[in-house]
Amino acid sequence: MTTLEYRLDDDLVELSAHARQVGRAAAESLTVREDSWLIGASREFSRQLGSLGWLGMTWPREFGGGGRRPIERFVVVEALIAEGAPVATSWFADRQIGPTLLQFGSPQQQERWLPGIIDGTSAWCIAMSEPDAGSDVASLITRAERRGGQWVLNGQKVWTSGAVDADWCYLIARTDPEAAPHAGLSEFVVDMSTPGIEVRPIVDSTGNAHFCEVHFDDVEVPASHLVGKPNDSFRQVMRQMEHERGGIDRLVSNRRLYLDAVEHADRGDPLIRQEFAALESGYRIGRLMVLREVLGQAPPGFSAATKTFCTEHEQRVAEFC
């Protein structure tokens, strides 16, 4: 009889414990530890992650990456976010931008931008959503026009996390207004210090301002900053979204809030105990879904299901607390 064993190998348990120790120390002075992958910006901690080799962990060594197994990155990230470590400065670059540049970037782009991501010295934001184009990327209207050796950007983005602190922006713009909505988009790397960029932080109900509006007014971008093929962004960004959707971040982002609430709950109430059971089961189910992605066992497109389940679980945790 074969037994299915979910226990991590000893080396992974040790790595997770180390990451928890590092994350706990980094979060010790923070008032809010939830959603640290989104609101926990820290240049200093970003550089620390780089020095530990915890950025670009799975990327090929020939590009400066760690060449490590995806499961190793999983246990590190799970531990850091569960402890509330301020990983936001390096999060988007490590999770999405680096893998995108590895797959679609030119050798010159990889040589220029990957090292700063790996050592934690560069911060990135991602400009996709617009006031009238949220999940429907194909309906965006920010445009880029080719003028000689450069592209000129005009338009507005919204919900651009971390834009106020970012060095670089990975942006999607319409480059062929005559093409079908899905067929006329291209991707660019934009220097956030370029003239014509205005960043307006959006203060939410908790007083946090990690979301931003970003306005582009005749912003000049070198032609060499176009990533991949012109007008092929939709295919590229769908691949990038798989990196975003299938991760552990949303599942554990408010785990600390839940654990704190448990200490104050009436455990004698059967309805409360039932909710405990549902949330604990949901956490384990979501974790196994993420692990399917990490281990390469999930079917194509499964990351959308993972994100949906983990986001709904996150909402249920907040409602319970």
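On a predicted model such as this, the values are computed, not experimentally measured, just so you know.
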Enquirer: With a 6.0 Å cut-off on the ring centroids, do Trp159 and His210 count as close?
Expert: no
Enquirer: Looking at side-chain heavy atoms only, is the closest gap between Pro230 and Thr175 below 4.5 Å?
Expert: no
Enquirer: Less than 6.0 Å separating the ring centroids of Phe188 and His225?
Expert: no
Enquirer: Could you check whether the rings of His313 and Tyr283 sit parallel, tilted or perpendicular, using 30° and 60° as the cut-offs?
Expert: tilted
Enquirer: State, yes or no, whether a side-chain contact exists between Cys169 and Val214 at a heavy-atom distance under 4.5 Å.
Expert: no
Enquirer: Salt-bridge test for Arg284 and Glu280: reply yes if a basic N is under 4.0 Å from a carboxylate O, no otherwise.
Expert: yes
Enquirer: May I ask you to decide if Gly116's main-chain N or O and Ser122's side chain share a donor-acceptor pair within less than 3.5 Å?
Expert: yes
Enquirer: Of Asp165, Asp119, Asp167, which meets salt bridge (Lys or Arg N to Asp or Glu O under 4.0 Å) against Arg43?
Expert: Asp167
Enquirer: Could you check whether any side-chain N or O of Ser46 sits under 3.5 Å from a backbone N or O of Ser42, counting only pairs where one atom can act as donor and the other as acceptor?
Expert: no
Enquirer: Taking the side chain as every heavy atom from C-beta outward, state whether Asp35 and Glu314 have any atom pair closer than 4.5 Å.
Expert: yes
Enquirer: If we only count heavy atoms from C-beta on, is the Leu185 to Asp176 side-chain gap below 4.5 Å?
Expert: no
Enquirer: When the ring centroid of Tyr170 is compared with that of Phe92, is the distance short of 6.0 Å?
Expert: no
Enquirer: Check this for me, if you would: do Glu220 and Arg147 make a salt bridge, where the nitrogen-to-carboxylate-oxygen distance has to be below 4.0 angstrom?
Expert: no
Enquirer: Does Leu49 reach the side chain of Val87, with side-chain heavy atoms less than 4.5 Å apart?
Expert: yes
Enquirer: Okay, side chain of Ser36, backbone of Ala85: is any donor-acceptor separation there less than 3.5 Å?
Expert: yes
Enquirer: Under a 4.5 Å cut-off applied to non-hydrogen side-chain atoms, are Gln109 and Val227 in contact?
Expert: yes
Enquirer: Less than 4.0 Å between a side-chain N and a carboxylate O, is that true for Lys157 and Glu130?
Expert: yes
Enquirer: Is there a donor-acceptor contact under 3.5 Å from the side chain of Gln236 to the main chain of Lys229?
Expert: yes
Enquirer: Does Arg143 come within less than 4.0 Å of Glu145, counting only side-chain N to carboxylate O?
Expert: yes
Enquirer: Less than 4.0 angstrom from a charged side-chain N to a carboxylate O is my criterion; do Glu78 and Arg287 meet it?
Expert: yes
Enquirer: Determine yes or no for a side-chain-to-main-chain donor-acceptor pair under 3.5 angstrom, with Glu198 supplying the side chain and His215 the backbone.
Expert: no
Enquirer: Do Val262 and Tyr258 come within less than 4.5 Å of each other through their side chains, counting heavy atoms only?
Expert: yes
Enquirer: With side chains defined as the heavy atoms from C-beta onward, is the minimum distance between Phe45 and Thr89 less than 4.5 Å?
Expert: no
Enquirer: Please determine whether side chain to side chain donor-acceptor pair (under 3.5 Å) holds for the pair Asn154 and Asp218, giving the CA-CA distance in whole Å, both sets of side-chain angles, and the decisive distance to 0.1 Å.
Expert: CA-CA 5 Å; Asn154 282 281; Asp218 284 338; 3.0 Å; yes
Enquirer: Are Arg69 and Glu72 within salt-bridge range, i.e. N to O under 4.0 Å?
Expert: yes
Enquirer: Under the 3.5 angstrom rule, does the side chain of Thr160 hit a backbone N or O of Ala163 as a donor-acceptor pair?
Expert: no
Enquirer: Please test Asp204 against Thr206 for side chain to side chain donor-acceptor pair (under 3.5 Å), starting from the C-alpha separation and ending with a verdict.
Expert: CA-CA 5 Å; Asp204 65 20; Thr206 69; 2.7 Å; yes
Enquirer: Decide whether a cation-pi geometry holds between Arg256 and Trp37; the criteria are a distance under 6.0 Å from NZ or CZ to the six-membered ring centre and an angle within 45° of the ring axis.
Expert: no
Enquirer: Looking at every non-hydrogen atom in both residues, tell me the closest pair between Cys125 and Ser161 and how far apart they are.
Expert: CB-O, 3.4 Å
Enquirer: With no hydrogens and no angle check, is any side-chain donor or acceptor of Ser16 less than 3.5 Å from a backbone partner on Val13?
Expert: no
Enquirer: Is Arg267 salt-bridged to Glu275, cutoff N-O under 4.0 Å?
Expert: no
